[in-house]
Amino acid sequence: MRILQNYVGGKWTDSTSGRRRQSFNPARRDEMICEAQDSTSADAETALHSAHEAFPAWSRTPMPKRAALLQEFLRNLGAREDEFARAITRENGKTLRESRTEFVAALKEAEFQVGQGRRSAGAIRPSEMPGVTCHLRREPLGVVTLITPWNFPLNVACRKLIPAVIAGNTCVLKPSDLTPMTAALLFESLDAGRLPAGVANLVFGRGSVIGDTIVTHPVVKALSFTGSTEVGLGIAGKLAGRDTKIQLELGGKNPLVVLADADLDKAVTAAIIGGFSCSGQWCTSTSRVIVEAGIYDAFLTRLTAETKAIAVGDGSDEATQMGPVCGRQQYETILKFIDVGKREGARLVIGGSPLTEGAHAHGWFIAPTIFADVSPEMVIAREEIFGPVLVMLKARDFDEAVRLANDTVYGLASSIYTRDLAKAQRFIAETDVGLCHVNMPTAYKEPQLEFGGVKESGRGSPEAGESGIEFFTRHKAVYLKEQA
Ligand code: NAD
């Protein structure tokens, strides 16, 4: 059992509270994994101070040099796939295959953002005046706070931290208290890469205890948050009227639309991948499946058969296809939504209960669940469940399918399965989301493309792609005329 320390000013340190919080394996809830510091506001202030001190030198370090330093980190990270995958599975519950996929995705994102360090850090524009050079500089902001969730503990941290520091900022990262081990391993890799002290700091702790300090402290110039809409918008409210840049990546209720002309097998596979990978705990998970009336029954029959075959178990067993959900709170919330679905009259087709027998007795396991004949006003069609629950809606035709897909406060990801290119193009134009897929699962992403939601799924500019660095910079328009 490991004891995890904060990483502040280039040193591993204990919290001044003298307290630690224990973490457990969601597949075997009596197995303690580690204890992480239960930090105080004073610890958070120390970390912010350390980042503030490191900023002048780091921001003056040429960008390609910053990128070169991070190459060392990448080399260290790249050699530790198995260690990271096992840690993610142990503390999050997802299968080893899913953890490896997360590791590879995080590495690709980090590599892309490190590569950005050798691209232009601004733009040259023509001037109307002879002898005048106009250019746009991108400058770092200062100290930035990064707050991450438990569902992609490595990928989301890399997606924020690497562009933040490549752009010349210094940062404090607060990971979810459910997944501290992955964050500690990430900072071991940064430490091995010899990033200058204070550039990246790690503080474990509860949002309710250190949240206000890391968000509202005057040295903080930007906040990049990924988590629930409720917490994210609450934090944003605290920053109203302040000069703090905000980037929020929030919840979703992502629709998969299946038209009558679709390749049914491929669409069923997309629903299974989108609905049940990581036990439905991706922000881009498929949550609502909207199927054209003519194929609704056939689709449901095939989807149910595939769902029945999913092997649920401990993610560290290579044969497992779906792991537990990540902890007691998740478990209770998901079961509550399942209960609501039953009470509001949706047709439970499969699942709908916890798995508590045999090998499932010691973990937070829930059977993959499908509700059919759901109507759009039901709670289970409107709220983010964030668990292995698919909600099926029937659409008369394409127009109604698009209307249903957009009938949500969220706007993260969507997908359509069809062979009709004209309908696919209309869907691309009319779907109200930040990520749109055609004949691909809702959760698919690549690092060179922006990632972020609209409506209640996000605020501020998206992450990843070229926006990755852009969010962490401010623009300065320069007019330069040489004196004769
Ligand atoms: P959460 O909102 O409960 O917590 C997210 C982070 O915020 C954690 O580190 C938590 O400790 C911290 N936090 C909580 N209260 C805080 C406060 N008052 N001040 C500062 N920090 C505070 O979310 P979660 O349960 O960890 O993650 C699941 C949610 O994240 C889902 O809604 C999911 O859709 C969303 N998510 C979104 C994306 C995206 O890119 N859009 C990606 C992954 C997850």
Side-chain angles (χ1 to χ4, degrees), residues 21 23 36 38-39 41 44 91-92 94 102 105-106 109 145-160 172-180 182-183 202-217 220 223-239 244 246-254 278-287 325-334 337 383-387 408-413 433-435 442-443 445 450-464 467-468:
R21 284 167 62 80
S23 272
D38 189 9
S39 303
S41 264
E91 64 181 0
N92 168 290
K94 64 177 78 172
E102 173 174 354
E109 296 222 14
T145 288
L146 315 173
I147 300 179
T148 54
W150 47 264
N151 68 331
F152 280 90
L154 178 64
N155 199 355
V156 176
C158 285
R159 190 180 296 157
K160 294 183 191 303
V172 173
L173 174 86
K174 192 207 92 57
S176 164
D177 28 345
L178 290 179
T179 49
T182 310
L202 169 69
V203 181
F204 295 110
R206 285 170 284 167
S208 57
V209 177
I210 60 171
D212 279 358
T213 305
I214 56 176
V215 168
T216 61
H217 194 284
V220 175
L223 165 73
S224 180
F225 169 93
T226 298
S228 61
T229 297
E230 189 188 353
V231 173
L233 294 184
I235 290 175
K238 292 178 187 165
L239 292 174
T244 313
I246 304 182
Q247 179 178 59
L248 305 178
E249 299 298 351
L250 308 172
K253 190 73 187 167
N254 311 301
C278 301
S279 304
Q281 301 170 119
W282 295 12
C283 52
T284 49
S285 283
T286 300
S287 175
V325 300
C326 187
R328 176 189 291 277
Q329 201 185 329
Q330 271 296 100
Y331 182 79
E332 288 174 354
T333 306
I334 296 162
F337 274 116
E383 292 194 21
E384 183 185 45
I385 299 174
F386 217 54
T408 169
V409 297
Y410 295 107
L412 187 51
V433 291
L435 283 86
T442 52
K445 81 170 288 297
E450 274 59 12
F451 181 88
V454 298
K455 294 157 79 179
E456 299 295 279
S457 292
R459 291 287 189 280
S461 57
E463 300 187 297
S467 280

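Side chains included, hydrogens not; waters and symmetry mates left out as well; all remaining heavy atoms used. Order of listing sets the numbers, starting from 1, for every ligand and every atom in it.
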(Q) If you apply the rule salt bridge (charged side-chain N to carboxylate O under 4.0 Å, His left out), what do you find for Lys253 with Glu383, and how did you get there? (A) CA-CA 7 Å; Lys253 190 73 187 167; Glu383 292 194 21; over 6 Å; no

Q) Taking only heavy atoms of Asn151, which atoms of ligand 1 are found under 4.0 Å from at least one of them? A) 43 (C), 44 (C)

Q: For a salt bridge (charged side-chain N to carboxylate O under 4.0 Å, His left out) with Arg206, tell me which candidate from Asp38, Asp212, Asp177 qualifies.
A: Asp38

Q) So which heavy atom in the protein is nearest atom 40 (O) of ligand 1, and how far is it from that ligand atom? A) Phe451 CE2, 3.1 Å

Q. Between the side chains of Ser224 and Lys160, does any donor sit under 3.5 Å from an acceptor?
A. yes

Q: Would you tell me whether Ser287 and Glu384 have side-chain atoms, one donor and one acceptor, within less than 3.5 Å of each other?
A: no

Q: Check for a donor-acceptor pair, side chain of Lys174 on one end and backbone N or O of Thr148 on the other, with a separation under 3.5 Å.
A: no

Q: For Trp282 and ligand 1, answer yes if some heavy atom of the residue is under 4.0 Å from a ligand atom, otherwise no.
A: no

Q: Using a 4.0 Å heavy-atom threshold (strictly under), name the region of Thr226 that reaches ligand 1: side chain, backbone, both or neither.
A: both

Q) Is Arg159 salt-bridged to Glu109, cutoff N-O under 4.0 Å? A) yes

Q: Indicate whether atom 4 (O) of ligand 1 is within a distance of less than 4.0 angstrom of some protein heavy atom.
A: no

Q. What is the closest protein heavy atom to atom 14 (C) of ligand 1, and at what distance does it sit?
A. Val231 CG1, 3.7 Å

Q: Considering heavy atoms of the protein only, find what lies nearest to atom 36 (N) of ligand 1 and give residue, atom and distance to 0.1 Å.
A: Cys283 CB, 3.6 Å

Q. Of the protein's non-hydrogen atoms, which lies at the shortest distance from atom 24 (P) of ligand 1, and what is that distance?
A. Trp150 NE1, 3.3 Å

Q: Output yes when Glu456 and Arg459 qualify as a salt bridge under the 4.0 Å nitrogen-oxygen rule, no when they do not.
A: yes

Q. Which residue and non-hydrogen atom of the protein lie closest to atom 11 (O) of ligand 1, and at what distance in Å?
A. Lys174 NZ, 2.8 Å

(Q) Is any side-chain heavy atom of Thr145 closer than 4.5 Å to one of Ile214? (A) yes

Q. So, do Glu249 and Phe225 sit near enough that their side-chain heavy atoms are less than 4.5 Å apart?
A. no

Q: Could you see which bit of Leu250 sits under 4.0 Å from ligand 1, with heavy atoms only: side chain, backbone, both or neither?
A: backbone

Q. Between the candidates Gly207, Gly227, Pro149, Gly327, which shows the shortest non-hydrogen contact distance to atom 30 (O) of ligand 1?
A. Gly227

Q) Side chains of Thr408 and Lys455: donor-acceptor distance under 3.5 Å anywhere? A) no

Q | Within-cut-off N or O pair, Ser228 and ligand 1, under 3.5 Å | A | yes

Q) Would one find an N or O of Thr148, backbone or side chain, under 3.5 Å from an N or O of ligand 1? A) yes

Q: Could you see which bit of Glu384 sits under 4.0 Å from ligand 1, with heavy atoms only: side chain, backbone, both or neither?
A: side chain

Q.
At under 4.0 Å between heavy atoms, is it the side chain or the backbone of Phe152 that contacts ligand 1, or both, or neither?
A. neither

Q | Side chain proximity check, Ile235 to Leu233, heavy atoms < 4.5 angstrom | A | no

Q) Which part of Leu412 is near ligand 1, with near meaning a heavy atom under 4.0 Å away: side chain, backbone, both or neither? A) side chain

Q: Pick one of side chain, backbone, both or neither for how Phe386 approaches ligand 1, counting any non-hydrogen atom pair under 4.0 Å.
A: side chain

(Q) Heavy-atom pairs closer than 4.0 Å: do any link ligand 1 to the side chain of Ile235, the backbone, both, or neither? (A) side chain

**Q.** SB check Lys94 Glu102 (cutoff 4.0 Å)
**A.** yes

Q: Consider ligand 1: state whether an atom of it lies below 4.0 angstrom from any non-hydrogen atom of Pro175.
A: yes

Q) Does the pair Leu239 and Leu223 meet the rule for a side chain to side chain contact (heavy atoms under 4.5 Å, CB included), with working shown? A) CA-CA 10 Å; Leu239 292 174; Leu223 165 73; 3.9 Å; yes

**Q.** Nitrogen or oxygen of Asp212 less than 3.5 angstrom from that of ligand 1
**A.** no

Q. Under 4.0 angstrom from ligand 1, any heavy atom of Asp177?
A. yes

